[in-house]
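Heavy atoms only: backbone and side chains are in, while hydrogens, waters and symmetry mates are out. Treat the numbers as computed from the prediction; the structure is a model and nothing was measured. Below, chain A is the first sequence line, B the second, and so on; all start at residue 1.
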There are 2 protein chains.
Amino acid sequence: MSPGKKGKILIVEDEKKIADITRVYLERDGFGVAHAEDGETAIKLLKDKFDLIILDLMLPDIQGEDLCTMIRKDSEVPIIVLTAKSAEEERVKGLGLGADDYVVKPFSPRELVARVNAHLRRTKKASFSLSFNGGDLKIDVQKHEVRKKGEPLTLTPTEFKILLTLSERPEAVMTRYQLVNLVLGYDFEGYERTIDAHVKNLRQKIEDNSREPAFIKTVYGLGYKFIGRGDED
Amino acid sequence: MSPGKKGKILIVEDEKKIADITRVYLERDGFGVAHAEDGETAIKLLKDKFDLIILDLMLPDIQGEDLCTMIRKDSEVPIIVLTAKSAEEERVKGLGLGADDYVVKPFSPRELVARVNAHLRRTKKASFSLSFNGGDLKIDVQKHEVRKKGEPLTLTPTEFKILLTLSERPEAVMTRYQLVNLVLGYDFEGYERTIDAHVKNLRQKIEDNSREPAFIKTVYGLGYKFIGRGDED
DNA sequence: GAAGGCCTTCACACTTTCTTCAAATATGAA
DNA sequence: TTCATATTTGAAGAAAGTGTGAAGGCCTTC
C-alpha cells in the first residue's frame, strides 16, 4: 500500500475493475489504499486502522450489511456504501445499518473521491447528519432517518436520496438531469420527469403545505433547490 | 465544428459509426464536437483547447495509451477512455496513464454523455458569482439567484441568461444577433427583437429607473451592453 | 399467488414564460 | 427641424414547464 499522506482507505469490493479504478483515483488524490476482495479479507485487514471504508454491499462471502454493522460496532470510522440501484438500496433503509453515505452504482469516480474528501473533512463530527431551521428538519444518514419537528417520517429510498442530494448543497440549483444521475444512477435511461413525481411525494411528506414548499423550491426551467439554514450539530 | 455552448469535446475514434453516434448525442446535449480518426489527426487538432477528450484506446496508427500520456503531459483536460470489452488489462493501464474515466464498448451513448457532464461539472469552478458596484448587484450562477442591494430578484430563465451573458463582458456591446444565439440558442428561428422585450422586463427588475438604465445600456443601432465595476468576491 | 411497497410513466390541468405585434417614443442624420 | 429608422412598452395569444393523481410493472413478503 502506498503511504497516503491524506489518509488510509479500505476498499471492500469484489469487482476488480471497480476496485482498481477507485484505487487509481484515490491514490492520485493522495490517499493510501488497501483493497479486500471479500469479507474475510476485509476483516483481516481491519486490524489496521483506516480513516475511511468504502464498502460494496454485494460481496461473495458475506452480506455487506453484516460487515457494515460489524465494523460500526467497533469503531466510528466513516463508511461509504456502494449499492447497485435495485433492491439493495431498500435494505440500506430497512436495516439502518450505520453507513455514513451511499453512492449508487455505476458512479463517477470523481464523485466518489469528492465524497471521501467531504467525509474526512467533517471527521470530527460524530456522525453525518444534517439539521435545518432550528431542528425543524433533521436528516440522519447513518440511521437513514428524517425527522420533521421531531416526528419521524417514512421516506422511500429514492425520496431520501433526493432530499440528501439537494440538502447537501443548500440553495444550489440541481437540474433534473443531475438528480437523475446522482440519485438513480448514470445508467438510468428513463424519463427525466420521474424526478418530479418523487419530488411531489417528498414534498407531501416534508412540507407543511406542499403547494408552497418551504424546503424544496422549484426553479422554473431548471430544476429544484433546497432552502434551509443549516444548524450547528 | 458546431459552436458548443457547454464545451468543446474531441472524439478520437477510428470507427466512424461509433464516432458519429457519439457526436450526435453530444451535440444534442449542447456540446461542440471535433473528431479525429487517428492519432496523427488528433495531435494536430489538439493545438486547440478542448474541455474534454474521448479517446479510443484502439487506434490504427498509434497506441491509445501513448496518446493518453502525451495529452496528460501537457494538460489537465479530462480524458474518458473507450475500451473494447475483451481488453481487460487495458482499462487499468489507461487509468494509470492519467485517464479520468473509462467506458466499455459497446456503451450506451446516454451514459457516455452523462459521464461527460459529470466530469465537466467537477472541473468547473464549484460556484462562481459576479458582483458589481460594491455589491449593488450580485449574480450567483449556482444558486441561480440575482440580488439587488441584498434583495433577491425573481428572474425568468431567459432574463437570467441575458444578464449573465452581458455581465460576463462588462462594457462589451452585444448585438441582438449574438444575444439570440447565446441566450435563445443557435436554432432559434424567431424574431430578433424578442430580445428587446426581455431586456425591458429585465430592466424593470434590476434597474432603479428603467428609463435611465444604469446596468444595461442601449447602444443605438448596435445592441446592448452591461456597465458595472466588478467587485472582488 | 395475493398483497403491498416502490418506481416509472402518462395525461391533463394549471402556471409561468416567451414571442409577437402595434403604438408610442427616442435617436441620429440631413 | 424633419424624416427615416431604432427602440421601448404593454398587451395578448402561443408555447413551454410544472403539479398531480392514477395506472401499470416489478419485486418482496406473507
Could you tell me the separation between the [atom1] atom of [X] and the [atom2] atom of [N], rounded to a whole number of Å?
| X | N | atom1 | atom2 | answer |
| --- | --- | --- | --- | --- |
| B:F160 | C:dC18 | CZ | P | 13 Å |
| A:K161 | C:dC6 | NZ | P | 18 Å |
| B:E189 | C:dT19 | CD | P | 12 Å |
| A:Y191 | D:dG24 | OH | P | 18 Å |
| A:N201 | C:dG5 | CG | C1' | 12 Å |
| B:I195 | D:dA6 | CD1 | P | 18 Å |
| B:N209 | D:dT9 | CG | C1' | 14 Å |
| B:E192 | D:dT7 | CD | C1' | 13 Å |

Q | Side-chain H-bond candidate by donor/acceptor type, A:N181 with B:N117, under 3.5 Å | A |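 Judged by distance alone, the side chains do not pair up.
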Q) Taking atom types as modelled, is there a side-chain donor on A:R147 or A:S131 under 3.5 Å from an acceptor on the other? A)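 Side-chain D/A pair, A:R147 to A:S131: absent.
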Q: Report yes if some heavy atom in the side chain of A:I54 is under 4.5 Å from a heavy atom in the side chain of A:E13; otherwise report no.
A: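 Contact flag for A:I54/A:E13 side chains = no.
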Q: Could you tell me whether B:T194 contacts a base, only the sugar-phosphate backbone, or nothing, with contacts defined as non-hydrogen atoms closer than 4.0 Å?
A: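 The residue B:T194 makes base contact.
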Q. Do A:N133 side-chain atoms and A:G228 backbone N/O form a donor-acceptor pair below 3.5 Å?
A.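 No, A:N133 side chain to A:G228 backbone: no donor-acceptor pair under 3.5 Å.
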Q) For B:K205, which residues count as a side-chain hydrogen bond (donor to acceptor under 3.5 Å, both in side chains) partner, sequence neighbours excluded? A)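 B:K205 satisfies side-chain hydrogen bond (donor to acceptor under 3.5 Å, both in side chains) with B:E159 only.
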Q.
Among residues at least two apart in sequence or on other chains, which ones pass side-chain hydrogen bond (donor to acceptor under 3.5 Å, both in side chains) with B:K148?
A.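 With sequence neighbours excluded, B:K148 shows a side-chain hydrogen bond (donor to acceptor under 3.5 Å, both in side chains) to B:D208, given in chain and number order.
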Q.
Treating primed atoms plus P, OP1 and OP2 as sugar-phosphate and everything else as base, which nucleotides of nucleotides 11-22 of chain D get B, S or - for protein heavy atoms under 4.0 Å?
A. -----BSSSBB-
(Q) On the nucleotide C:dT17, are OP1 or OP2 found under 4.0 Å from the side-chain N or O atoms that B:T158 carries? (A)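 No, no such contact exists.
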